[in-house]
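When reading the values below, keep in mind they use all heavy atoms of this one structure, side chains included, and skip hydrogens, waters and symmetry mates.
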Amino acid sequence: MRYTILFLIIAVVYFISCTDGHTIGSTELKISFITSQKHNTKDLASEYSINQLEWLILSDSGQIKNWEICGYIIPYIDLRKNYLIMSKYKILNLYQKSGCDECLGVPVGEAIFDKGNSDSNYYYFYRMPKIMLSQGVG
């Protein structure tokens, strides 16, 4: 009995250490880097700063216009085909977790960042599939 429990504990620890915890029960979404933009005095002074968030999804032209009013330079993409991610950090991977956010009714998204290679003077843009995700903390 003791050996069975010990074996199970070792197997679970091994499984957790050998797998990427982000991928268990999640689907990786293919995203494409588009560009980065250097912060300017207007966007840094804005009440709505990407520095207050880690990442967000821009899914319509109204959202893009609001961020441009705040001083951000947003690249053009065809929002009928893709959504645009604006991120404080470089993104290594984006996952769609199984299940839905109870408040928003959409799956939770989890971004894995490359914070060590990100420049705090820049913000980053990625093209993503037209999948609505809640932008939980990455």
Practice task
Inspect the surroundings of NZ in Lys130 and state if more than 12 heavy atoms from other residues, nucleotides or ligands are less than 6.0 Å away.
Solution key: yes
Exercise for the section: Could you pull out the closest heavy-atom pair between Pro75 and Thr35, with the gap in Å? Expected result: CG-CG2, 3.9 Å
Exercise for the section: Could you check whether the rings of Trp67 and Tyr72 sit parallel, tilted or perpendicular, using 30° and 60° as the cut-offs? Expected result: perpendicular
Exercise for the section: Classify the ring geometry between Phe33 and Tyr124 as parallel (under 30°), tilted (30 to 60°) or perpendicular (over 60°). Expected result: tilted
Completion exercise
By side chain to side chain donor-acceptor pair (under 3.5 Å), Asn40 pairs with (sequence neighbours left out) Asp43
Problem - Test side chain to side chain donor-acceptor pair (under 3.5 Å) applied to Gln63 - qualifying residues, sequence neighbours left out - result: Ser59
Under 4.5 Å between any side-chain heavy atoms of [X] and [Y], yes or no?
X: Ile77; Y: Leu79; value: yes
X: Glu54; Y: Lys115; value: yes
X: Lys97; Y: Pro107; value: no

Exercise for the section: Enter the distance from Ile57:CD1 to Met128:CE here, rounded to the nearest 0.5 Å. Expected result: 4.0 Å
Exercise for the section: Name all pairs fulfilling the side chain to side chain donor-acceptor pair (under 3.5 Å) condition that reach into residues 80-91, sequence neighbours left out, sorted by first residue then second. Expected result: Asp78-Arg80
Exercise for the section: Look only at the side chain of Tyr126 and the backbone of Ile91, and say whether a donor-acceptor pair between them is shorter than 3.5 Å. Expected result: yes
